[in-house]
Amino acid sequence: MTHPDRRWLWLVSGITLAFLVRGSIVLAKLDSLDADPDAYRVIAETLAQTGTFGLMGEGEVATPTAFRPPLYPWLLSFFVDNDRHLASGWVAMLHVCLGVLTIGLTWDIARRWWSDRVAWIAASLVAIDPMLLWQSTLVMTETIATALTAMVWWWWVARLNPNPGAVKLDGDERINSCDLSPSRPIIDAVVFGGLLSLTVLCRPTFLVWAAMLIPALFFVGPSCRIRRVARVGVVGVILVATVGLWTLRNVTQLGHPIWATTHGGYTLLLANNDSFYDSLNESSIGWKPWERTPWDPTEFFAEYEARERGDDEVSDDRVAYEMAKSTISNRPAMFAWSCVVRATSLWHPFPARTPDRSMMVILSIGIYQSGMLLFAVLGVGRHWRLWRRPNAWPVFALVITLTAVHSVYWSNPRMRSPVIPMLAVAVACLVVPKKADRTTTT
């Protein structure tokens, strides 16, 4: 068993190293944070300048929007300076801190559930993961979404279902005490409901994940049945209230009860249009994954720009939904095949072949991520007795959620970023002897 003083020394050293790794990558690509591909920066600056979650129009008048979910731009708005500009340095600092938080949470989850050795391996994998490193250099939601899902899983493991036993590895054995005080289950539920609500405000996709986690709370933890029912109710009420407040804001500002965003129609149409369908054939997945080329959306963008526009962003989103549904209904067989292609794209280990990516980069990242996915499956299979228990449910629920949603809506590998810390724990637990399953009473 690791001595407590030595453990703290290793922990501080690990955090310092994590800051250095994440910080060096973000600083090296600081210019890429100047770009704003998804309009998060402009919404944040508009919010800081005017107090309106919107886009700046003619005459410096802010137009309310629900084009993006609110959490990330709202957080960025706190870093807008007096010149009404969001400096990339502040975004870099935020992403580095969120990345280190993700690494630390992964470490503690693996430590509580498995052992110190598993914890350090899992944390190291998260620290050097090329997908997470790349996304931390972009003004997009992958970094904060990954941190939030790690926080939800950590609260589930550490508070909602504390491990009464521990995997024995090289003499490392821990017993986590279980506080059965009446107030704790409700407090834990309030915090958990808040964390789940933040994930939904970051990405509406996580509402499906939340819907899979909340009923499972009844089967988690040491509380009696009455407290479990109360906990489920509290989490559900908090989530409904949070989504309800965002919906009420949109009714007030936009005149429509938008519970998610006004971007869903576009992402559905991007995944289901004739140009994309025409590009699909039996070789869409390909036998040479390192030579996979992305779909050229030029024709789609031309048709999208020529569409009949709605009167506002809500009706325009509805037009996009109708166009997508028309394509799906006219070509149902191709829709079914496209779902397979999109699901494959989500979990594809190799980056697409583009002019700005060398074959060496594609092969290096692809081989690394292929190993991650393979070893994660092997890790789960090796310790299936433990992975079929409650602490693993957030992992399986998130995998199911991402696969189901992005098999219908637009998909690419970066959208699996939130599950990477969970995969890292699955990979790391390969070092645990299989006989350890019988020494654990989780």
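Computed from heavy atoms alone, side chains included, the values below leave out hydrogens, waters and symmetry copies.
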With sequence neighbours excluded, tell me which residues meet ring-ring contact (aromatic ring centres under 6.0 Å, His included) with [X].
| X | answer |
| --- | --- |
| Phe79 | Trp90 |
| Trp74 | Phe78 |
| His406 | none |

Query raised in the report: So Phe300 and Tyr266, would you call those rings parallel, tilted or perpendicular, with 30° and 60° as cut-offs?
Result: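 Geometry flag for Tyr266 against Phe300: tilted rings.
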Among residues at least two apart in sequence or on other chains, which ones pass salt bridge (charged side-chain N to carboxylate O under 4.0 Å, His left out) with [X]?
| X | result |
| --- | --- |
| Lys325 | Glu322 |
| Arg22 | none |
| Asp108 | Arg111, Arg112 |

Could you measure the distance from the [atom1] atom of [X] to the [atom2] atom of [Y]? Nearest 0.5 Å is fine.
| X | Y | atom1 | atom2 | answer |
| --- | --- | --- | --- | --- |
| Leu133 | Ser24 | CG | OG | 8.0 Å |
| Leu75 | Leu47 | CG | CG | 11.0 Å |
| Arg227 | Phe218 | CZ | CZ | 14.0 Å |
| Trp107 | Ile121 | CH2 | CD1 | 14.0 Å |

Query raised in the report: Of all heavy-atom pairs between Leu201 and Pro69, which one has the smallest distance, and what is that distance?
Result: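 Nearest pair, atom of Leu201 first, then Pro69: O-CB, 3.1 Å.
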Query raised in the report: Is Arg68 close enough and on-axis enough to Tyr40, meaning under 6.0 Å and within 45°, for cation-pi?
Result: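 The answer is yes, since Arg68 meets both limits relative to Tyr40.
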Quick one: side chains of residues 415-426, donor-acceptor pairs under 3.5 Å with protein atoms, not counting sequence neighbours, listed by atom name and distance.
from   : atom 1 : to     : atom 2 : distance (Å)
Arg416 : NH1    : Leu346 : O      : 2.8
Arg416 : NH1    : His348 : O      : 3.0
Arg416 : NH2    : His348 : O      : 3.4
Arg416 : NH2    : Gln369 : OE1    : 3.4
Ser417 : OG     : Arg414 : O      : 2.6

Requested in this report: Would you mind reporting whether Val157 and Asn161 have side-chain heavy atoms less than 4.5 Å apart?
Outcome: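 They are not in contact (no side-chain heavy atoms under 4.5 Å apart), so the answer is no.
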Query raised in the report: Side chains of Thr141 and Ile144: does their closest heavy-atom pair fall under 4.5 Å?
Result: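 The answer is yes, as the side chains (C-beta and beyond) meet within the 4.5 Å cut-off.
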Query raised in the report: Can you name the residues that form a side chain to side chain donor-acceptor pair (under 3.5 Å) with Thr403, not counting sequence neighbours?
Result: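 For Thr403 the side chain to side chain donor-acceptor pair (under 3.5 Å) partners, ignoring immediate neighbours, are Trp347.
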Main chain of [Y], side chain of [X]: is a donor-acceptor contact present, judged purely on distance under 3.5 Å?
| X | Y | result |
| --- | --- | --- |
| Arg231 | Val220 | yes |
| Thr46 | Val42 | yes |
| Ser338 | Phe335 | yes |

Requested in this report: Sorted by first residue and then second, give each side-chain hydrogen bond (donor to acceptor under 3.5 Å, both in side chains) pair with at least one member in residues 250-261; sequence neighbours left out.
Outcome: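 Found none.
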Requested in this report: Give every residue pair that meets the side-chain hydrogen bond (donor to acceptor under 3.5 Å, both in side chains) criterion with at least one member in residues 236-249, sequence neighbours excluded.
Outcome: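 Listed by first then second residue: Ser197-Thr242.
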Requested in this report: Decide whether Glu45 and Ser77 meet the rule of one side-chain donor and one side-chain acceptor closer than 3.5 Å.
Outcome: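 Checked: Glu45/Ser77 side chains show no N/O donor-acceptor pair below 3.5 Å.
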Query raised in the report: Do the side-chain N and O atoms of Thr262 and Glu313 include a donor-acceptor pair separated by under 3.5 angstrom?
Result: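 Thr262 vs Glu313: donor-acceptor pair found between side chains.
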Output a table of donor-acceptor pairs, distance under 3.5 Å, between side-chain atoms of residues 270-277 and any protein atom two or more places apart or on a different chain; print 'none' if there are none.
from   : atom 1 : to     : atom 2 : distance (Å)
Asn272 : OD1    : Tyr277 : OH     : 2.6
Asn272 : OD1    : Arg342 : NH2    : 3.3
Asn272 : ND2    : Leu268 : O      : 3.0
Asn272 : ND2    : Val408 : O      : 3.0
Asn273 : OD1    : Ser275 : N      : 3.1
Asn273 : OD1    : Phe276 : N      : 2.8
Asn273 : ND2    : Leu269 : O      : 2.9
Asn273 : ND2    : Leu270 : O      : 3.0
Asp274 : OD1    : Arg331 : NH1    : 3.2
Ser275 : OG     : Trp295 : NE1    : 3.3

Query raised in the report: Does any pair with a residue in residues 130-159 pass ring pair (Phe, Tyr, Trp, His ring centres under 6.0 Å), and if so which ones, sequence neighbours excluded?
Result: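 Ring pair (Phe, Tyr, Trp, His ring centres under 6.0 Å) check on residues 130-159 returns Trp156-Phe192.
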